[in-house]
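What follows is a short report on a single structure.
Just so you know, these numbers come straight off a predicted model, no measurement behind them. Labels below follow one simple rule: chain letters A, B, ... track the order of the sequence lines, proteins then strands, and each chain is numbered from 1.
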Amino acid sequence: MDFSHILNSKKLAFSVILSVFLSVFACKSFAIQSEKAGVEEKNAKEEAFNPTTAILEHIADSHYWHVGGEVSFPLPVILYTDKGIENFSGAAFEHGAKPYQGKYYTYKLVDDKIRVVGANGEVDKETSKKIYDFSITKNVIAMWIAGLLLLIIFLSVASTYKKRTGKAPKGFQSLIEPVILFVRDEIARPNIGYKYSKYMPVLLTIFFFIWINNLLGLIPIFPGGANVTGNILFTFVLATIVLLVVNFSANKYYWKHIFLPDVPLWLYPIMIPVELIGIISRPFALMIRLYANISAGHIIVLSLISLIFIFKSLLIAPVSVAFVLFMDVLELLVAFLQAFIFTMLTALFIGTAVEEHHH
Amino acid sequence: MTGSIAALGAGLAVIGAGIGIGQVGGKAMEGIARQPEASSKIQTAMIIAAALVEGVALFGVVVALLGK
Amino acid sequence: MGELFENLLNDHLGFVVWALVAFVILLVLLGKFAWKPIMAAITERERSIEDALLKAEAAKEEMARLTNENEQLLKQARAERDLILKEARQMKDQIINEAKEAAQAEGARMIEKASIEINNQKAIALASVKEQVASLSIEIAEKVLQKQLENKTQQDALVADLLKEVKIG
């Protein structure tokens, strides 16, 4: 599995850049088509800019990837209905302007959510409950990009390690190694103890996946810009994984601590529910923390940018941009810090679960 | 009007977190000033404590936003 | 509140599944092809570095031990040399003394021998002188006697003298 040539090949990098540009131009033609529908809406929008909706639109998941101006990629829609699987391009919705006649039902995009419309053009709430949206949304694509980047980076680094066994790190390897050692020496080993090596893969994966998604979220243009780690569902998935890892690696001392704590018997009705809530609430806190921190960062940056449109003045732009720059630098720190805290607390929970007690 | 009350709740939650994280940071600073050689350990403990305080505050914010 | 959770599963189950799939695939691929070799390489390298450090420490100790030993040897050799020199000096002194004594004894013996020889020679010389004197005196006496006893009367007188002297005891 040698991927190092991918990073080295200038020819490949050039062609990737070229292909990105070409796809942007290809999208233009699509954008022109949808522009007609958007013109009236745009006029209405320009009269009253609502920062709340604009910001929430930006941080939310979407069936389109908005690149800039009127340009956006339509993303594939996959629906699991009670009659079968539907698969079509998101372009068919024309940003919610039109319903789309699928194989089984007619669908319409309402607030970027797919709903079934009946024959009269109204949303059919009952049938809407029968369809499940498995679309490849913006966040899914962003997640894939992050995953792909991680794979390319770490597989190439791993091949370098294989090639340079026992030698000092070199090049990209020396950028990655301190971070891996940081995860091992500052996060895993002090919190888990001598059993840490078993949990290194999951901790490293969580750490780097969160970090790279945080960083990609900070990039305002195409490959980044999605708010993956600021999506509560994504953090929910990570927290669920943490919950499972912690509770499946727990030893008898951990369960004894929950079900037979060293307290008087009459306290048991209080202690056991509290401990059981604790099992859920700790990953829940992880989920909320990451989501809220990253979302808050995005909201602040977008609010500062919105100031320009609220005041409708270009004079405010330098102030706004200066503050955004400051916030972005802060967010760089937060991106690392949140990945660190998430991994740190995961390691801490694992540590309490595998700890050997000597009462 | 409910929206503004929710925002109030969020604000109150943030006040608590602010005080809490301020305490944590301040005490950590004192600790580091007293024992600079233990600064890395103190920092780690500080970050964990700050994260826990912040987590409680975020619960408040989320509940406030959900309740609107 | 109720509105927030309406159609929650319909709208978001898909994303949860995609995220879970992405994470699990990532965990498996990275775990197998990245973390495992990387962690193995890092631990291996750390172990080899630790080994090398331990070896260096051991070599240092060995070196110190060798130096110590060398010094000890040197000291010992010096002591031995001193001892040997001392012994040699003693022996030299002894030899010289012995030689001196021997020479003295020999000298004394030779002197003694020489004096004995001288005495002997003296005695011999004296004896020969005595003999010559005796024979000379006899000759002289003979000649005197011959002269005195040239006539008969003188001879008779002498015999009478001699006979007087000789008394039969």
Please classify the contact of [X] with chain C as side chain, backbone, both or neither, using a heavy-atom distance under 4.5 Å.
X: A/R164; answer: neither
X: A/L79; answer: neither
X: A/L148; answer: neither
X: A/L150; answer: both
X: A/L181; answer: side chain
X: A/F154; answer: both
X: A/S135; answer: backbone

Side chain proximity check, [X] to [Y], heavy atoms < 4.5 angstrom:
X: A/V237; Y: C/F15; result: no
X: C/I84; Y: C/R81; result: no
X: A/F342; Y: A/W211; result: no
X: C/W35; Y: A/I180; result: yes

Residues A/R184, C/E46: salt bridge by 4.0 Å N-O rule:
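A salt bridge links A/R184 with C/E46.
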Do C/R65 and C/E61 meet the salt-bridge criterion of a basic N to acidic O distance under 4.0 Å?
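A salt bridge is absent here (no side-chain N lies under 4.0 Å from a carboxylate O).
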Which one, [options], leads in non-hydrogen pairs under 4.5 Å with chain C?
options: A/L204, A/I241, A/V140, A/I206; answer: A/L204
options: A/I176, A/T240, A/L233, A/V228; answer: A/L233
options: A/I78, A/I131, A/D61, A/V157; answer: A/I131

What residues, two or more places apart in sequence or in another chain, satisfy side chain to side chain donor-acceptor pair (under 3.5 Å) together with A/D82?
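Checked A/D82 against side chain to side chain donor-acceptor pair (under 3.5 Å); matches are A/Y105.
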Any side-chain donor paired with an acceptor under 3.5 Å for [X] and [Y]?
X: A/T137; Y: A/N139; result: no
X: A/H63; Y: A/D133; result: yes
X: A/Y80; Y: A/E86; result: no
X: A/T229; Y: A/N213; result: no

What residues of residues 94-107 of chain C sit under 4.5 Å from chain A when only non-hydrogen atoms are counted?
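Residues of residues 94-107 of chain C touching chain A at under 4.5 Å: none.
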Against chain A, label C/V17 side chain, backbone, both or neither, depending on which of its atoms sit under 4.5 Å from a heavy atom there.
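Only the side chain of C/V17 comes within 4.5 Å of chain A.
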Hey, which of C/A40, C/A22, C/G14, C/P37 has the most heavy atom pairs under 4.5 Å with chain A?
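Ranked by heavy-atom pairs under 4.5 Å with chain A, first place is C/G14.
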Report yes or no: does A/T235 contribute a side-chain atom to a donor-acceptor pair with the main-chain N or O of A/Y291 at less than 3.5 Å?
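Absent.
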